[in-house]
Structure formats: structure tokens, C-alpha cells
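Source: prediction; values computed, not measured.
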Amino acid sequence: MKFLIADDHALFRDNIALLLSKLYPESVILQVGTFSQAVQVLKKEKNLDFLVLDLDMENITPTEALKTLEEISNHLNLIVISSSEDIHLIRQILEYDIKGYIPKSIDTQNLEEIFKQVIKGEKYIPQALKDIENENINKINNKTLTNRQSQVLDLIAQGKSNKQIAYEIGVSEATVKLHINALLRSLKVNNRTQAVIQAQKMGLI
């Protein structure tokens with residue numbers, strides 16, 4: 001099996017390489033530090049099995065990067081790793097033919113399981129996104145909040161920190177951040193304080 005890891009943080013690349021070497025000792029692992037270098041390698045290496053790509057590199061948007069990769073290869077097994085927790089952006093990324101979207105905030109143990117899952121052929125999507133997509137929608141004053149967003153909003157209004165919210169609803173802090181970002185987008189505000197004020201005006205809390 002042959003992997004290409006493209007990330008501008010050498011330490012992160014090395015950690016991914018060590019993890020993949022542990023899981024697949026016979027694999028060949030290549031590393032690059034820029035998207036441009038990744039494109040060059042992809043044009044030369046026709047037998048790559050997986051590209052593990054950080055989309056937050058150089059002066060190129062994630063969607064531009066994905067379009068470029070589509071033009072190079074229609075059959076590339078792409079695993080996206082990103083620090084972005086923007087629900088809207090993640091949904092855009094998932095519209096492309098990728099094998100998984102992995103937040104950089106995930107812990108090493110879960111990362112190992114995710115790689116096993118993806119390399120077996122199963123697609124990985126963050127649980128928070130599944131929760132948001134699957135929950136019933138409550139429509140109030142022409143605004144839409146999921147049940148989970150409403151729950152998180154109530155806890156924010158109580159002055160709870162992300163860590164406290166994560167404990168109360170039984171999810172990770174990374175998942176809480178995803179829900180809060182989605183909540184801010186739904187209410188069209190920029191921060192937690194504005195969210196509480198706007199929610200009060202709308203009679204949500």
C-alpha cells in the first residue's frame with residue numbers, strides 16, 4: 001500500500017506517518033509540505049493508494065484544491081484532515097468524492113480507528129455532522145435549530161464552558177465546537193454572547 005501525506009506541519013506529518021507505519025508495516029509512505037508538491041507527486045506517481053491531505057495549506061481554498069485533484073485523478077482515495085470546524089465548509093468538502101473528513105482536534109486513539117475504517121473502504125464523517133443531519137428540525141420565527149443546537153444554546157446561556165457542555169451532553173469538546181459553529185451560523189451571529197442576545201430576542205431562551 002502506498003500513501004502520500006501532504007501537510008505543512010512536519011511534526012503532524014511525521015505522527016501520521018508513524019501511525020500508518022504501525023498499522024501497515026509493509027506500506028510505502030511519502031511526505032510533502034505543500035499542496036503544489038502534492039500535485040507534482042500525484043502527476044508522477046500513478047500507483048498511490050491514498051492521499052492524506054491537509055486542506056489548510058498555501059493560498060488556495062479547499063474547494064479549489066479539491067477541483068484540482070479531481071482533474072488529476074477521478075479515482076484518488078482522498079482522506080481530508082483539517083483544523084476547520086465550519087459546518088458549511090465541511091458540507092461543501094463532503095460533496096466531493098472523499099473517503100473521510102478528519103478534524104485535527106481528534107485524539108490519536110480515535111484517529112487510528114478512523115484510518116482502519118477508511119482504508120477498509122468505509123467513509124468517515126464526524127459524528128457531530130451526523131447528529132446535525134439526523135436530528136429533527138424545530139422551526140421558530142423562520143429560524144431553524146436542531147434539538148442539539150437548542151440544548152447547547154441553553155447551556156451557553158447558563159454560562160457553561162465548552163468543557164462543561166461536552167460533559168453534560170456526553171460528547172467531545174471538538175463536537176461541541178462544531179455544534180456552536182452551526183448554532184452561530186443559524187442565528188447569523190459571530191460569538192456566544194451575540195448568540196444569547198439574539199436567542200433572547202427571538203424567544204428561543
Residues at least two apart in sequence or cross-chain that pass side chain to side chain donor-acceptor pair (under 3.5 Å) with S161, listed by chain then number, are Q164
Would a 4.5 Å heavy-atom cut-off, applied to side chains only, mark L42 and L51 as touching? yes
What pair of heavy atoms forms the shortest contact from A6 to A38, and how long is it? CB-CB, 3.9 Å
How long is the straight-line distance from CG of L23 back to CD of E113, given to the nearest 0.5 Å? 8.5 Å
If you look at every heavy atom in L184 and A195, which pair is closest and at what distance? CD2-CB, 3.8 Å
Between the OH atom in Y101 and the CD1 atom in I81, the distance rounded to the nearest 0.5 Å is 10.0 Å
More than 12 heavy atoms of other groups within 6.0 Å of K2 NZ: yes
Verify side-chain contact (heavy atoms from CB on, under 4.5 Å) between Q151 and N147, making sure each step is shown before the conclusion. CA-CA 6 Å; Q151 185 180 16; N147 291 336; over 6 Å; no
For the residue pair L187 and Q149, establish whether any side-chain heavy-atom pair is separated by less than 4.5 Å. no
Compile the donor-acceptor pairs under 3.5 Å between side chains in residues 24-32 and protein atoms, sequence neighbours left out, one pair per line.
from	atom 1	to	atom 2	distance (Å)
S27	OG	Y24	O	2.6
Q31	OE1	R13	NE	3.1
Q31	NE2	D14	OD1	3.4

Taking C-beta and beyond as the side chain, do I169 and L155 meet within less than 4.5 Å on heavy atoms? yes
May I have all residue pairs that pass ring-ring contact (aromatic ring centres under 6.0 Å, His included) and include part of residues 186-205, sequence neighbours excluded? none
Distance in Å, D8 CG paired with T34 OG1, rounded so as to fall on 0.5 Å steps: 9.0 Å
Do I16 and F115 have side-chain heavy atoms sitting under 4.5 Å apart? yes
State, to 0.1 Å, how close Y124 and I102 come at their nearest heavy-atom pair, and which atoms those are. CD2-CG1, 4.2 Å
Student check: side-chain heavy atoms of I197 and V189 closer than 4.5 Å: no
Under 4.5 Å between any side-chain heavy atoms of F35 and T68, yes or no? yes
Just so I know, are the side chains of L78 and D97 near enough to count as touching, which here means a heavy-atom distance under 4.5 Å? no
Where do R148 and V171 land on the side-chain contact (heavy atoms from CB on, under 4.5 Å) test, with the steps shown first? CA-CA 11 Å; R148 182 67 90 187; V171 299; 4.2 Å; yes
Report the residues that fulfil side chain to side chain donor-acceptor pair (under 3.5 Å) with T63, sequence neighbours left out, ordered by chain and then residue number. T61
OH of Y167: more than 12 outside heavy atoms within 6.0 angstrom? no
Tell me which pairs pass salt bridge (Lys or Arg N to Asp or Glu O under 4.0 Å) where either residue lies in residues 155-171, with sequence neighbours left out. K160-E168
Taken to the nearest 0.5 Å, the spacing of I114 CD1 from L19 CG works out to 10.0 Å
Any non-hydrogen side-chain atom of L53 less than 4.5 Å from a side-chain atom of I98? no
Taking it one step at a time, do K67 and E70 satisfy salt bridge (Lys or Arg N to Asp or Glu O under 4.0 Å)? CA-CA 5 Å; K67 285 178 183 177; E70 276 191 340; over 6 Å; no
Keeping E45 on the side-chain end and V41 on the backbone end, is there a donor-acceptor pair under 3.5 Å? no
Roughly how far, to the nearest 0.5 Å, is CG of L178 from CD of E173? 12.5 Å
Hey, could you give me each pair passing salt bridge (Lys or Arg N to Asp or Glu O under 4.0 Å) that has a residue in residues 47-57? Not counting sequence neighbours. D54-K104
Hey, quick one: are L111 and L18 part of the same hydrophobic cluster, counting side-chain heavy atoms closer than 4.5 Å, chains of contacts allowed? no
What's the separation between atom CD in E112 and atom NZ in K116, rounded to the nearest 0.5 Å? 4.5 Å
